Protein chains: 2
Amino acid sequence: MNRSPTIRDVAKRAGVAVSTASLALNGKPYVSRETRFKVLQAAEELGYHPHTLAKNLADGRTRNLGLITPISLEHLFASAGFFSCLIRGMHRAAAEHGYNLSLHIAESEDEAVSRVRAAIRGRSVDGLIITNPTVTCPYLRDLKRHRIPFVFIGRPSEEATYVDNDNVEVSRIGVRHLIECGHSRIAFLNGPAQFTFCVDRLLGYRAALAEAGLPHDEDLVWSSDLTEGAAYQVVWELAPRHQFTALFAGSDVQAVGAIRALQAQGFRVPQDVAVVCVNNTDLTRHFIPSLTAVDLHEYWLGYWAVKRLVQTIDGEKTEHPVLIPGELVVRESCGCQPEPQAEGGDGAGAPTRIKPKRNSHQGG
Amino acid sequence: MNRSPTIRDVAKRAGVAVSTASLALNGKPYVSRETRFKVLQAAEELGYHPHTLAKNLADGRTRNLGLITPISLEHLFASAGFFSCLIRGMHRAAAEHGYNLSLHIAESEDEAVSRVRAAIRGRSVDGLIITNPTVTCPYLRDLKRHRIPFVFIGRPSEEATYVDNDNVEVSRIGVRHLIECGHSRIAFLNGPAQFTFCVDRLLGYRAALAEAGLPHDEDLVWSSDLTEGAAYQVVWELAPRHQFTALFAGSDVQAVGAIRALQAQGFRVPQDVAVVCVNNTDLTRHFIPSLTAVDLHEYWLGYWAVKRLVQTIDGEKTEHPVLIPGELVVRESCGCQPEPQAEGGDGAGAPTRIKPKRNSHQGG
DNA sequence: CCTATTCATCGAACCGCTTCGAGAATAGCG
DNA sequence: CGCTATTCTCGAAGCGGTTCGATGAATAGG
């Protein structure tokens, strides 16, 4: 009937054996010019296209990459458009290497574990990318026992291949900018220390100060949940008790909470307190004042995660992590631009981008 | 030797034929109680888990659903966290029906077409979900010719199964709220008419006015691109030339552009002009004033799209579209003195809002 | 001129599962 | 008790590819 043509049909039409057809179709050696031509022609005429599943079953590769995402950290994702960018980057790398991306979203860590296991058991993927590894990392054992290639997005606590933002650099860039704007008393509103990225960012904050020969006042290091309300409260409480002229916030949403608190206490932003934050989002673009932010390049995070995973699958040993540099996007909140941006231009008003020095973050 | 056990191993250990093992394992009838037990036990002992690929090849189903997304409309996605929500909803429905989700992102419509074709040829999916169908809809022919089940997200121009926001309702809800706040001269900043959702929303706008017995002034229907800058320009130009006390904006970003323009001209929001917009996002939550918005429930959009697709795959004929209702989230920009109402959802950044001015005494 | 390689092709086995048709055993019924 | 249904089990034939080992033919080497 209308059954789509198989390689057997092609072989028959070309007058060759199935095995020969397979070789020809796949560009393998040991096929004469004419034979190859005959086969290709037959395939063309028949409108032949290989059956993915069959191919995969036969050669034992699924050509599938699984993305495991415990969405419990959803706000982190959703807020930053993180997820979309990440996925796009992953998708591009996957496409470059002929892989497919399949999604495994989990509402909880337990569910994430069971999804990892299901993927392993069903042998439905050649490798796994796991975002937001937690401290416990319960799947690690399974992954290692079954020798299934995997890459984490985000720095895990235990040793494992991972791709992450260069969070030390990220905050260093942000703080350095504030220093360059002339500030020396810079508060840091960090996220909860349970996240490795917050730990790393604190290092960057200190590094920037040290670099500039500025004293480091531990009292200026604050911390709040990633919500606006939490940030508001912390800043509301701590701001009056300290001397500072600038604030570096761990996220766009925290920055907004902080700014509201500051304004409520009579500080003007950026005149009295300059603000720079992490995460370049719609919010930082459209907030008033628009927020100077460190862009995390989530796209490349996803891209390199897949790249790395593919390398692992191909048996290349690449132990050291990939770190994605951040990039400063200067807007109004840091107060270093005399004029507010041109109104009505192309949306957010063209921001000034400051290129970070290129990190040689990729090995080969 | 560490080869994972196959159904043959199970059969052998249970002392039955492979075919019997298969029946037992899959809970099919015509297997005696004891035999079934023996097989299950053997499987358990061996740690047997079926090989997805083999299963799929054998019974001709891939258990894969493809998501085709032309990302050209990325800003639409990214800005609303649209994509993440959509995907989560899709994922949930897919999981409920035992399907897998595989991603096919395209940077252009051409690429989308080729991805659709590739998916069809490779027979790698049982069905396709296609977001943002365009007017031309070039894949439609292929889809129909190959009889592959598909569902659109967004109303297509041609006839086809689709799931969409109930865009007429969406704007009707928003405008109705403004009317209830006492406004009668309500401007509408719509998006480009090339999008079906903009067309629909205009209908809703008119319906709301008509319902309330208010006159409809065509001069108050404006339109701009979905960017802040475009919105700013349009409002900047048109606002002074018309009498109005409220504005309904087609998106969060447009609303921000409009508000900036209004403020630049000396209008206060919400005192002089009340604003309500479509899209409940981080931006609407955290902007000052926070924006009253119609939440689009993208999660359910994704959920129902998959649900519908599965129905189609199962051969149920369900021609009429699924329309997802919107939901009004009242905040400050409409000026109607919002209650501290609980927002639907998980509370990430929900209006546990701390109000800077009025409530400054509440702190702590 | 004869043998050792290399090249080109083929048939068969296989990947791991489902399903079909057939046969044996048991049950139902007049 | 004989005959048809029903229940249970089995072997074999796919699903649509890849890959291995064998077989000639062509080429090269001595």
Side-chain angles (χ1 to χ4, degrees), chain A residues 1-40 42-43 46-64 98 100 120-126, chain B residues 1-40 42-43 46-64 98 100 120-126:
Chain A
M1 287 258 316
N2 245 344
R3 178 182 59 79
S4 34
T6 74
I7 197 171
R8 269 170 253 271
D9 300 324
V10 174
K12 186 178 296 174
R13 175 174 256 254
V16 301
V18 171
S19 49
T20 304
S22 175
L23 294 179
L25 255 9
N26 290 298
K28 298 254 169 100
Y30 298 116
V31 180
S32 71
R33 258 189 130 53
E34 317 97 73
T35 304
R36 188 181 302 275
F37 180 77
K38 277 191 302 182
V39 172
L40 259 28
L46 254 30
Y48 167 80
H49 292 284
H51 188 122
T52 320
L53 249 44
K55 197 166 189 142
N56 296 353
L57 176 59
D59 71 6
R61 302 176 48 201
T62 68
R63 289 172 183 77
N64 251 310
N100 227 286
I120 295 178
R121 285 178 194 152
R123 279 138 290 181
S124 57
V125 299
D126 291 341
Chain B
M1 211 66 277
N2 245 346
R3 177 181 62 78
S4 34
T6 73
I7 197 171
R8 263 171 262 272
D9 300 322
V10 174
K12 187 178 295 174
R13 174 174 256 256
V16 302
V18 171
S19 48
T20 304
S22 176
L23 294 181
L25 255 8
N26 289 298
K28 299 255 169 100
Y30 297 115
V31 180
S32 71
R33 256 187 133 54
E34 317 98 75
T35 304
R36 186 181 304 275
F37 181 77
K38 277 192 301 181
V39 171
L40 259 27
L46 254 31
Y48 167 79
H49 292 283
H51 188 122
T52 320
L53 249 45
K55 198 168 188 139
N56 296 353
L57 176 59
D59 71 6
R61 303 176 48 200
T62 68
R63 289 172 182 76
N64 252 309
N100 225 289
I120 295 177
R121 284 178 195 152
R123 279 138 292 180
S124 56
V125 298
D126 291 341

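In what follows, every heavy atom counts, from backbone to side chain, and hydrogens, waters and symmetry copies are set aside. All chains are named by letter (A, B, ...) in the order of the sequence lines, taking the proteins before the strands, and each is independently numbered beginning at 1. Quick caveat, the model's predicted, so the values are computed rather than measured.
B:Ser32 comes within 4.0 angstrom of the backbone, heavy atoms only, and of no base. Across all strands shown, B:Asn56 has no heavy atoms under 4.0 Å from either base or sugar-phosphate atoms. Residue contacts shown for A:Ser22 include a base, since a base heavy atom lies under 4.0 Å away. Within the nucleic acid shown, B:Gly122 has no heavy atom closer than 4.0 Å to any nucleic acid atom. Backbone-only contact: A:Val16 has heavy atoms under 4.0 Å from sugar-phosphate atoms and none from a base.
When every heavy atom of B:Gly27 is checked against every heavy atom of B:Arg36, the shortest pair comes out as CA-NH1, 3.3 Å.
Residue B:Gly15 is the one, among B:Gly15 and A:Leu53, whose nearest nucleotide of DNA chain D lies closer to the 5' end (criterion: closest heavy atom). Place B:Arg36 and B:Ala58 on DNA chain D by their nearest nucleotides, and B:Arg36 ends up nearer the 5' end. Mapping B:Leu25 and A:Glu34 onto DNA chain C by nearest heavy atom places A:Glu34 at the nucleotide closer to the 5' end.
OP1 or OP2 of C:dC10 sits under 4.0 Å from a side-chain N or O of A:Thr20. For D:dT19, the OP1/OP2 oxygens have a side-chain nitrogen or oxygen of A:Lys28 closer than 4.0 Å. Not one side-chain nitrogen or oxygen of A:Tyr30 sits closer than 4.0 Å to the OP1 or OP2 atom of D:dG21. Look at B:Lys55 and you'll find a side-chain N or O under 4.0 angstrom from OP1 or OP2 of C:dT18.
The CZ atom of A:Arg123 sits 11 Å away from the C1' atom of C:dC17 (whole-angstrom rounding). When the P atom of C:dC17 is taken as reference, atom CG of B:Leu23 falls 14 Å away, rounded to whole Å. Regarding A:Arg63, its CZ atom lies at a distance of 10 Å from the C1' atom of D:dT18, rounded to whole Å. When rounded to the nearest whole Å, the span between CZ of A:Arg61 and C1' of D:dG17 equals 14 Å. D:dA13 atom P lies 18 Å from atom CG of B:Leu57, rounded to whole Å. When the P atom of C:dA8 is taken as reference, atom CZ of A:Phe37 falls 17 Å away, rounded to whole Å. D:dG14 atom P lies 19 Å from atom CD1 of B:Ile7, rounded to whole Å. Whole-Å rounding puts the A:Arg8 CZ to C:dG11 P distance at 12 Å.
Side-chain contact between B:Asn100 and B:Arg63 is absent, with no heavy atoms from C-beta onward closer than 4.5 Å. Two residues are said to be in side-chain contact when any heavy atoms from C-beta on lie closer than 4.5 Å; A:Asn64 and A:Asp126 fail this criterion.
Checking C:dC17, D:dT9, D:dT18 against every side-chain atom of B:Val31, the shortest atom distance belongs to D:dT9. Of the candidate nucleotides D:dT7, D:dT18, C:dT19, D:dT18 has the atom lying nearest to any side-chain atom of A:Asn26. Of the candidate nucleotides D:dC15, C:dT19, D:dT19, D:dT19 has the atom lying nearest to any side-chain atom of A:Asp59.
Within the model, atoms OH of A:Tyr30 and CG of A:Leu23 stand 11.0 Å from one another, a figure rounded to the nearest 0.5 Å. Atoms CG and NZ, from A:Leu53 and B:Lys55 in turn, are 13.0 Å apart once rounded to the nearest 0.5 Å.
In this structure, the side chain of A:Arg13 does not engage the main chain of A:Ala11 through any donor-acceptor pair within 3.5 Å.
You'll find a donor-acceptor pair under 3.5 Å spanning the side chain of B:Ser19 and the base of D:dG11, going by distance alone.
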